[in-house]
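Here the structure comes first, spelled out in structure tokens, and everything after it is commentary.
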2 protein chains.
Amino acid sequence: MTTDTKTQLMDAAEQQVRQKGADGFSYSDLSTAVGIRKASIHYHFPAKSDLLTAIMARYAKTVMTALDGYTRDLPTAGQRLAAFINVYRDALNEGSTLCLCVAYAVSQEGFSDATKAEIVTFRDAVSDWLINTFADAQTDGSITGVTDPKMEASHALAVVEGAQIATRFSEDMALFDQSCSALKGRITG
Amino acid sequence: MTTDTKTQLMDAAEQQVRQKGADGFSYSDLSTAVGIRKASIHYHFPAKSDLLTAIMARYAKTVMTALDGYTRDLPTAGQRLAAFINVYRDALNEGSTLCLCVAYAVSQEGFSDATKAEIVTFRDAVSDWLINTFADAQTDGSITGVTDPKMEASHALAVVEGAQIATRFSEDMALFDQSCSALKGRITG
DNA sequence: TCTTACCTACCTACTAGTAGATATACAAAA
DNA sequence: TTTTGTATATCTACTAGTAGGTAGGTAAGA
């Protein structure tokens, strides 16, 4: 099965952004990666900001589909939180790549409104998912000590994103696990 | 009192890195900010990597001096942890700037060995400070539920750095406080 | 007179982006 | 069936602007 050029471009761009940031790659890099002339990329994505927006939108869709899948398939809030942590663990690739959102955090100022909007929408969706998960935990008791789901949600997101940054420097996945273990330790079922 | 050019350059560079990342500013931007010709910057910092290394080293020194001051002046581990969280809170400037370390995280791959070494040294120093703080908490009881100081240290660092990222997008300091409140809530004295 | 701290003028390499030609495929009209 | 038209996806060749960095000169102070 051959992947169409547009998808190949998005794949390569996402990879590069997560490795080096939005300012860390060029259309020239991309053309080498995909095997297409630099100018041809502009056919699919007229401006770099279009590409940046497109990969953020796709990333949001992919992650939210996974999270919604956990809501459907995993019976307890604790299991869903564990799965959530694993999404951010897998995104690391042994420290070589970051979650797209973390990678976007630094360059954020130079982004187009469309890109920024896509990021905010994604973060809100993840937040809501976490709030629901912690609210469920209050009912099913699968996570200890939950009194404020909203607070727990922003705390949990900070932990996994912060753990990514730490692991990025150490290139040791054990540090990610150590950073998250206080959160994981509260899962009882 | 007039600040010397080298310091002015480092001040401007640090500001820009924390706003836009290491790839987000140029010697040209810097020359405008400081009022010196672009070529003259090379007199003080022959290569951009020299400047990047210098501001990381200075930042590390400043932060560690502050933290060591807390160890000296603040009687309980709880008070020291609260002060630590505040360092990362103040670094945010309402969401417009990040801690230099977080700002460096994305571009990290393209850095010189000297710059990387400076980052690692700094992170190790902060880690050690946190480990000592949590170890003290086990003795003075000023933070609840501390059983593993090393684990607590990496957890706490992840929380404050992750909280910075979240706040960066929302530009609402309340989100930083909310993300840290689970950690702060464990301080009893 | 040597050092410090700047300058002008320049270089090469790369950036995003544009213009216009071309090859292919597929469908409607002659 | 052949011709014509059109959309898709690519190409070559180019632009203006910016990147980091260098060469060599200059003015002031120790």
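Here is how names work: the chains are called A, B, and so on, in the same order as the sequence lines, proteins then strands, and each is numbered from 1. These numbers come from a predicted model, not from an experiment. The basis for the numbers below is simple: all heavy atoms, side chains too, and nothing from hydrogens, waters or symmetry mates.
Straight-line distance from the NZ atom of B:Lys48 to the P atom of D:dT18: 15 Å, rounded to whole Å. Note: CG (A:Asp29) to C1' (C:dA16) measures 13 Å, nearest angstrom. Going from atom CD1 of A:Ile36 over to atom P of C:dA23 covers 17 Å, rounded to whole Å. The separation between A:Ile41 atom CD1 and C:dT18 atom P is 14 Å, rounded to whole Å. Rounding to whole angstrom units, CG of residue A:Asp4 and C1' of D:dT10 are separated by 14 Å. Regarding B:Asp23, its CG atom lies at a distance of 15 Å from the P atom of C:dC14, rounded to whole Å. Going from atom CG of B:Leu30 over to atom C1' of D:dT18 covers 15 Å, rounded to whole Å.
When distances run from any side-chain atom of B:His42 to the nucleotides D:dT10, D:dG21, C:dT18, the shortest one goes to D:dG21.
Here the closest non-hydrogen pair linking A:Phe25 and A:Lys48 is O-NZ, 2.7 Å.
Residue-level contact check: A:Phe45 touches neither bases nor backbone, having no heavy atom under 4.0 Å from any strand. Using a 4.0 Å heavy-atom distance criterion, A:Ala39 is classed as a base contact.
Between A:Phe84 and A:Trp129, the two ring planes are parallel [angle under 30°; tilted spans 30° to 60°].
Within the structure, a side-chain polar atom (N or O) of B:His44 is placed less than 4.0 Å from OP1 or OP2 of C:dC6. Under 4.0 angstrom from either OP1 or OP2 of D:dA19 there lies at least one side-chain N or O belonging to B:Ser26. Contact check, A:Ser40 against D:dA9: no side-chain N or O comes under 4.0 Å of OP1 or OP2. Within the structure, a side-chain polar atom (N or O) of A:Ser28 is placed less than 4.0 Å from OP1 or OP2 of C:dT15. In this structure, B:Tyr27 does not reach the D:dG20 phosphate: none of its side-chain N or O atoms is under 4.0 Å from OP1 or OP2. Under 4.0 angstrom from either OP1 or OP2 of C:dC6 there lies no side-chain N or O belonging to B:Tyr43. B:Thr5 has no side-chain polar atom (N or O) that falls below the 4.0 Å cut-off from OP1 or OP2 of C:dA5.
With DNA chain C read from its 5' end, the first of the two nearest nucleotides for B:Arg37 and A:Lys38 is the one closest to B:Arg37.
You'll find the side chain of B:Tyr59 reaches within 4.5 Å of the side chain of B:Arg18, heavy atoms only.
Figure legend: A:Lys150 and A:Phe134 shown without cation-pi pairing, the cationic atom not lying both under 6.0 angstrom from the six-membered ring centre and within 45 degrees of its axis.
For the side chain to side chain donor-acceptor pair (under 3.5 Å) with B:Thr7, the qualifying choice from B:Asp11, B:Asp4, B:Thr5 is B:Asp4, the only one to do so.
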